[in-house]
There are 2 protein chains.
Amino acid sequence: MTPDAAGRDPSSFAGPAEPGPRGRDGGGARRTTQRAAVLAALHDADGFRTAQELHDVLRAAGERVGLTTVYRSLQLLSDTGEVDVLLNDAGEAMYRRCERRGHHHHLVCRSCKKSVEIESGEVERWTERAAGEHGFSAVTHTMEVFGLCTTCSPA
Amino acid sequence: MTPDAAGRDPSSFAGPAEPGPRGRDGGGARRTTQRAAVLAALHDADGFRTAQELHDVLRAAGERVGLTTVYRSLQLLSDTGEVDVLLNDAGEAMYRRCERRGHHHHLVCRSCKKSVEIESGEVERWTERAAGEHGFSAVTHTMEVFGLCTTCSPA
DNA sequence: CATGAAGTTGACAATCATTTTCGATAAGGG
DNA sequence: CCCTTATCGAAAATGATTGTCAACTTCATG
Ligand SMILES: [Zn+2]
Ligand SMILES: [Zn+2]
Ligand SMILES: [Zn+2]
Ligand SMILES: [Zn+2]
């Protein structure tokens with residue numbers, strides 16, 4: 001399966017995208033055309049995309065990139081925090097290049113997958129407090145908001 | 001009040017992944033030992049469990065229940081809202097029989113998976129407002145809080 | 001510019017949770 | 001008890017994601 005879709009937290013449950021960058025860069029990250037292509041495709045999309053969708057786009061655009069590489073690049077990018085990941089209903093990972101660097105959430109269109117980055121100290125504070133009241137520590141959370149964007153909204 | 005049915009499958013991110021309404025009505029829901037066993041096992045657990053974990057428990061208890069049936073029963077139970085579902089890091093579905101019937105969230109122990117049901121009008125209100133400000137309609141959301149419960153907390 | 005070590009790639013096989021198949025079985029109304 | 005039909009469940013299928021590993025780049029160095 002997916003040992004860790006987000007590239008962290010070896011335990012069973014999901015955790016949010018924690019900012020804690022590991023020592024990283026043990027070796028040198030090379031600049032390859034494939035990796036650049038993936039990032040570019042990701043940049044063109046204004047919504048979340050699955051690895052396979054990105055692969056299709058790349059192939060359609062004439063790029064010679066293997067599906068395996070797309071997966072690896074996305075994994076890498078999400079590890080370094082350059083792209084955000086979220087699991088859809090089917091449990092499939094979807095990626096998106098985000099503007100904000102720190103912790104934030106998303107408002108995603110159920111139809112076109114377009115998304116807006118949102119932030120909420122309110123929610124952050126609430127989760128901390130709620131967890132604390134129950135004696136839980138090392139608190140993290142996940143949260144995604146779905147809906148229909150203006151263009152996809154009926155009538 | 002929450003316009004949406006609230007439940008547990010709000011996201012509905014993957015459009016065509018909708019298998020459609022189960023074999024609803026048309027006949028009668030029969031009382032089978034297997035289905036009862038699954039519900040019982042679910043009742044005994046005080047935390048979220050995967051279909052396979054539940055199957056293992058049942059088999060270990062001597063129950064003769066097939067994995068397929070466990071999956072089907074859980075699907076059925078979640079459809080009727082009798083159990084809650086959430087996806088873990090690996091995108092695997094985990095189920096739990098909840099006390100609360102309406103929309104609520106969970107505080108889950110990353111280690112033992114024990115969980116507490118929590119509710120928050122604050123968060124509900126916030127998501128509605130945030131989505132509205134961006135022109136999104138038919139808003140739904142997902143949110144889970146993870147941490148370490150008192151017994152699993154180190155030192 | 002040549003070279004080699006180490007990071008990368010990609011076709012293909014392997015995983016593995018979940019679903020589908022479909023003949024066998026059990027539930028329950030008449 | 002009988003018959004219709006929901007349900008089982010073993011096995012095969014599905015499908016996203018990962019592992020494999022030989023061939024291939026990148027890039028620092030001479
Ligand atoms: Zn849209
Ligand atoms: Zn947050
Ligand atoms: Zn615990
Ligand atoms: Zn809520």
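Small disclaimer: the values here were computed from a predicted structure and weren't measured. Residue numbers start from 1 in every chain, and the chains themselves are labelled A, B, ... in the order their sequence lines are given, proteins ahead of strands.
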*Asks:* Angle between the two end axes of the helix from dC1(C)-dG30(D) to dG30(C)-dC1(D), five base pairs per end, rounded to 10 degrees?
*Replies:* 30°

*Asks:* When you get a sec, tell me which of dC8(D), dT9(C), dA17(C) is the closest nucleotide to the side chain of Q52(B)?
*Replies:* dA17(C)

*Asks:* Between E124(A) and H103(A), do the side chains contain an N or O donor and an N or O acceptor separated by less than 3.5 Å?
*Replies:* yes

*Asks:* Using whole Å, report how far CG of D56(B) lies from P of dC16(C).
*Replies:* 14 Å

*Asks:* Are any of the side-chain heavy atoms of C149(B) and R110(B) separated by less than 4.5 Å?
*Replies:* no

*Asks:* Looking at dG10(C), I'd like to know if its phosphate oxygens (OP1 or OP2) sit under 4.0 Å from a side-chain N or O belonging to Q34(A).
*Replies:* yes

*Asks:* After noting the C-alpha distance and the side-chain angles of K113(B) and R49(B), does the key distance pass the side-chain contact (heavy atoms from CB on, under 4.5 Å) rule?
*Replies:* CA-CA 8 Å; K113(B) 290 147 194 168; R49(B) 296 286 183 282; 4.1 Å; yes

*Asks:* Of the nucleotides dT18(C), dT9(C), dT21(C), which one has an atom closest to the side chain of T68(B)?
*Replies:* dT21(C)

*Asks:* Could you state the CD-P distance from E92(A) to dA17(C), rounded to the nearest angstrom?
*Replies:* 17 Å

*Asks:* Once you round it to whole Å, what is the distance between C1' of dG29(C) and CZ of R30(B)?
*Replies:* 10 Å

*Asks:* Closer to the 5' end of DNA chain D via nearest nucleotide, is it Y71(A) or V65(B)?
*Replies:* V65(B)

*Asks:* Could you state the atom-to-atom distance from CZ of R64(B) to P of dG9(D) in whole Å?
*Replies:* 8 Å

*Asks:* Judged by each residue's nearest nucleotide on DNA chain D, which is more toward the 5′ side, L67(A) or R72(A)?
*Replies:* L67(A)

*Asks:* Where the side chain of T32(A) is defined as all heavy atoms beyond and including C-beta, which of dT8(C), dA16(D), dT18(D) is the nearest nucleotide?
*Replies:* dT8(C)

*Asks:* Mind running side-chain contact (heavy atoms from CB on, under 4.5 Å) on F48(A) and K114(A) for me, showing each step along the way?
*Replies:* CA-CA 7 Å; F48(A) 281 86; K114(A) 189 181 307 176; over 6 Å; no

*Asks:* Any side-chain heavy atom of R129(B) sitting closer than 4.5 Å to one from E122(A)?
*Replies:* yes

*Asks:* Rounded to the Å, how far apart are L58(A) CG and dG10(C) C1'?
*Replies:* 14 Å

*Asks:* Counting only side-chain nitrogens and oxygens, does R35(B) get under 4.0 Å of the OP1 or OP2 atom of dA6(D)?
*Replies:* no

*Asks:* To the nearest angstrom, how far is L87(B) atom CG from dA17(C) atom C1'?
*Replies:* 12 Å

*Asks:* Using atom CG of D89(B) as one end and atom P of dT18(D) as the other, report the distance to the nearest whole Å.
*Replies:* 12 Å

*Asks:* So with a 6.0 Å cut-off around CZ of R64(B), is the heavy-atom count from everything else above 12?
*Replies:* no

*Asks:* Considering heavy-atom distances to DNA chain C, does G66(A) or Y95(B) have its closest nucleotide positioned more toward the 5' end?
*Replies:* G66(A)

*Asks:* Answer yes or no: does a side-chain N or O of Q75(B) lie under 4.0 Å from OP1 or OP2 of dT18(C)?
*Replies:* no

*Asks:* Would you mind reading off the distance between R31(B) atom CZ and dC8(D) atom P, rounded to a whole angstrom?
*Replies:* 13 Å

*Asks:* In the structure I gave you, are the side-chain heavy atoms of F146(B) and T142(A) within less than 4.5 Å of one another anywhere?
*Replies:* yes

